Structure formats: C-alpha cells, structure tokens
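Notes follow the structure.
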Number of protein chains: 2
Amino acid sequence: MATAVVVAIFTVLDQRLSVLLIERAAEPYGGEWALPGGLLQPGETLEGAAGRKLKDETGLSDVFLEQLYTFDAAGDGNAEIVVAYFALLPAAQARLRRELEWRPAWRALRELGRLAFANERVLDYAQERLRSKLDYTNVAYSLVPVRFTLRELQGVYEAILEETIDKRNFRKRVVGLGIVRATTETRKEGAHRPARLYEFTSREPMVLF
Amino acid sequence: MATAVVVAIFTVLDQRLSVLLIERAAEPYGGEWALPGGLLQPGETLEGAAGRKLKDETGLSDVFLEQLYTFDAAGDGNAEIVVAYFALLPAAQARLRRELEWRPAWRALRELGRLAFANERVLDYAQERLRSKLDYTNVAYSLVPVRFTLRELQGVYEAILEETIDKRNFRKRVVGLGIVRATTETRKEGAHRPARLYEFTSREPMVLF
DNA sequence: CCAAAAGTGTTCTGACTACACCCATGC
DNA sequence: GCATGGGTGTAGTCAGAACACTTTTGG
C-alpha cells in the first residue's frame with residue numbers, strides 16, 4: 001500500500017476557471033480523464049512529489065502550490081490514500097507539454113463529465129478553497145501576469161466566484177486596501193481607451209486584514 | 001512504508017486551551033510526550049482511524065473531528081506520512097481513561113516543552129486553525145455543554161484567542177447574529193446573581209455570514 | 001458619429017469598537 | 001454593607017453595497 005499524490009492545476013482561460021486534466025493511457029480507468037498524479041517515491045516529500053508532477057505537465061516550478069486535503073483512495077488498487085494539492089498559474093504560462101503521451105489539456109471546470117478515481121471530490125474541494133481564499137488572501141496574484149489591468153483582474157475574480165462584481169467597488173477595495181498598486185504604465189488594446197497597468201504590492205501569499 | 005494518523009484532542013480546562021498528550025511507552029521517543037496516534041490499518045478510512053484513536057483515549061465518539069493537514073513523517077522509521085486530525089470536546093467530557101498504560105493527560109498548550117515526532121508542527125497548525133474557525137464558524141458549540149452561560153462561552157473564546165473580549169460586544173455579536181439563543185432557565189453559582197442559560201441555535205458545524 | 005471599454009464619487013447600511021453604571025446574591 | 005460577578009445601551013467609525021455618467025479610442 002502506498003501513498004498517491006495528485007495535483008489540481010488551475011488557470012483562468014477565456015473567462016473560465018479551467019483545470020489541467022490528462023487522458024489516462026494505462027488501466028485502471030484507461031482512456032478516461034483524470035488529474036495528474038502518481039505515487040510518492042521513497043525519500044520524496046509530499047510537496048516535492050506535487051511539484052514534480054506540476055513540472056512534468058507544465059514545465060513550471062515556481063508557482064503557487066498548496067496542500068488541499070487527504071482523501072481515502074477510491075477505486076485505485078495501488079494507493080491507500082491520496083494527498084491532493086492545488087496549483088495556480090497565470091493564463092500566459094498555461095502552455096502544456098503536448099508531446100507527452102497522456103495529452104494534458106485544459107478543461108473548463110463547469111463543463112466536466114465524470115472523472116477517473118472520483119477526482120470530482122478533489123475538484124469540488126479545490127474550487128471551494130480557491131473561492132474562499134480569493135476573499136481573504138491575495139492569491140489572485142498567482143493567476144495574473146506581473147502587470148495587468150484592473151479589468152483583467154476583475155475578470156479572474158468573476159470567473160472563479162461565478163458572479164459579476166461592480167467595477168467601482170472592486171477597484172476601491174483592491175486598491176484602497178493595498179492589495180494592488182497602480183504603475184505609471186498604460187496599455188492600449190483594440191479600439192479602447194488606454195488602460196492603466198497595476199501590480200500586486202506583494203507576490204507572496206498573505207492573509208488580508 | 002505506512003501511513004500514520006495522529007489526533008490533537010482539545011478542550012478548555014481551567015481557562016486554558018489544553019491538549020491530550022500521552023507518555024510514550026515504546027521506542028522511538030520512549031518516555032517523551034506525544035500526540036495519540038498510530039498506523040492506518042488495512043481497510044480502515046482515515047477518519048475512521050482518527051475516530052478510533054479518539055475513542056481509545058477518551059471513550060467518546062460523537063464529537064467534533066476534522067482533518068487538519070498531512071505532514072511528511074519526521075523521525076519515525078515506520079511511517080512515510082502523517083495525517084493529522086483535530087478534535088474538540090467540552091470540559092465536562094474531558095475524562096481520560098487513566099487505566100491505559102500510556103497515561104493520557106491534559107496539558108495546557110501554553111506550557112509545553114518539546115514533543116516526540118516534532119508534534120509541535122501539528123499543534124501550531126491546529127491552534128491557528130482553531131482560532132480562525134472560532135471567528136467564522138460556530139465550532140465553539142463543541143467546546144461547551146448543551147446549556148451554558150454567556151460568561152462561560154466568552155471564557156472559551158478568550159482562552160483560545162488569548163485576548164480579553166468586551167462583555168457587551170461579545171453578547172451582542174453572539175446573540176444578535178443568531179449563533180446562540182437564550183433559554184428560559186437560569187443557574188445560580190456561588191454568591192452571585194443567577195445567570196441565564198443559553199444554547200447554540202445549531203450544533204452542526206456551519207459557516208457564519 | 002458610433003461602439004466599446006475605461007474611469008470615477010456619493011449615499012446608505014450594517015457590523016464592530018470603545019466605554020461605565022446598576023443589580024442581585026451570599027457572606 | 002460589601003464584594004462578586006451578571007447584566008445592559010449609546011455613539012462613533014469603517015467597510016461594503018448600490019448606483020450612472022463621462023471619456024478616449026478605432027473604425
């Protein structure tokens with residue numbers, strides 16, 4: 001009996017909270033969609049194993065990664081328990097290593113069918129956690145590029161919370177409470193007025209108020 | 001390599017947040033203090049194992065029990081990882097089964113020395129979690145009897161948060177926001193005016209606001 | 001000149017803080 | 001009659017919610 005580690009890797013693509021899934025090659029659940037994961041190797045830490053999986057799929061290693069919950073293994077004869085992590089990345093870094101045989105792909109969370117290993121348990125839990133952390137921490141920094149417009153940031157909040165937010169109140173809160181700060185730069189986009197660029201005052205995880 | 005489960009069992013005794021510790025009989029760490037725990041048995045669920053440990057020490061099974069965090073095992077050659085749970089009980093149920101060879105005892109959290117297996121990691125994490133849950137959930141119901149005076153409840157909050165609270169504001173919040181409700185009963189205690197008894201409007205875990 | 005998104009301020013409400021005095025009881 | 005703890009109300013502040021119009025730009 002061994003310990004499995006799985007990682008739910010999220011990004012906001014096209015105004016939708018999306019998660020990285022792979023199409024399983026081997027049995028059990030061959031051909032079905034699942035979260036990337038595998039067995040904890042001897043001598044490896046849990047966070048190390050989760051980071052390794054993350055790097056396998058995306059090539060990235062310096063992103064937000066946090067332990068989520070530990071589940072009893074369901075339906076997998078190999079593992080006894082499953083330690084789930086979740087990771088967040090900005091859409092711009094959401095490139096996949098498509099050369100891999102298990103074909104990682106981004107799938108909008110709202111449009112998922114059934115997954116292998118009852119991985120829905122993990123995703124439900126992760127979405128809940130992400131929503132609440134959005135409210136009382138600055139995690140959102142890990143979902144946007146270093147410089148961004150307030151509208152982009154608001155889009156990320158709206159996609160995750162699945163509700164619309166008042167522009168003025170959003171700006172007031174996020175700037176007024178010191179989560180982000182204005183830069184002097186602007187960006188022109190299409191047929192619009194140039195938009196001011198902002199940055200997070202801190203890009204370390206921190207609890208607000 | 002196996003999976004260990006440990007349980008941090010808390011109660012508020014004598015105005016101090018206290019945790020149940022055992023004195024280890026076997027090696028490693030023989031004679032040192034540790035959290036109750038053991039290996040996950042084949043076919044057992046994580047919560048099942050935690051509940052079993054809880055019952056072993058206290059005889060109780062119907063109390064608040066929640067998964068806390070999963071740690072890499074430190075210093076134990078047997079386990080690979082450690083899944084920590086925490087439990088809460090009212091002081092009145094804080095009877096120990098002293099007939100056990102490993103001598104469970106309540107120890108105030110503020111006055112602990114070093115523990116076996118680096119169990120401090122678990123306690124720090126648990127205390128943090130308990131404090132924040134006190135703010136935004138009704139967990140406190142699991143630390144007081146069904147009927148209690150507001151002063152008793154306030155004492156529990158103060159012991160855990162390690163700060164004093166204004167009596168009037170506390171009453172306003174806890175009653176006004178519907179966490180507890182007054183009963184018609186009162187209780188006389190010593191040389192004092194009789195105090196009104198209260199009860200929680202819900203004794204299921206719930207998130208406030 | 002039109003469409004599209006950026007930007008901006010005020011008012012109201014509800015929660016939280018700080019704070020001081022009277023009352024019932026047992027000794 | 002006094003010591004102990006129970007019980008109560010008000011005023012101020014601050015954060016969050018609701019809400020509409022003007023500006024810049026490209027086509």
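Chain naming here is simple, since letters A, B, ... match the order of the sequence lines and numbering starts at 1 in each. Keep in mind that this is a model prediction, so the values were computed, not measured.
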Ion pair check, [X] and [Y], cut-off under 4.0 Å:
X	Y	answer
A/Glu162	A/Arg131	yes
A/Arg151	A/Glu158	yes
A/Glu189	A/Arg187	yes

Looking at the side chain of [X], which of [options] is the nearest nucleotide?
X	options	value
B/Leu177	D/dG7, C/dA15, C/dG7	C/dA15
B/Asn169	C/dA4, D/dA20, D/dG9	D/dG9
B/Ala195	D/dA17, D/dG6, C/dT8	D/dG6
B/Lys188	C/dG26, D/dG9, C/dC23	C/dG26
A/Asp166	D/dC19, C/dA5, D/dG9	D/dC19

(request) Between A/Pro194 and B/Ala191, just flag the one whose closest nucleotide in DNA chain C comes earlier from the 5' side. (result) A/Pro194
(message) Judged by each residue's nearest nucleotide on DNA chain D, which is more toward the 5′ side, B/Thr149 or A/Gly190?
(response) B/Thr149
(message) When you measure only distances, ignoring hydrogens and angles, does the side chain of A/Arg193 come within 3.5 Å of the base of C/dA6 through a donor and an acceptor?
(response) yes
(request) Mark yes or no for a side-chain to base donor-acceptor pair under 3.5 Å between A/Lys172 and C/dT8, with no hydrogen or angle criteria applied. (result) no
(request) Please state whether the phosphate of D/dG7, meaning OP1 or OP2, lies under 4.0 angstrom from any side-chain nitrogen or oxygen of B/Arg171. (result) yes
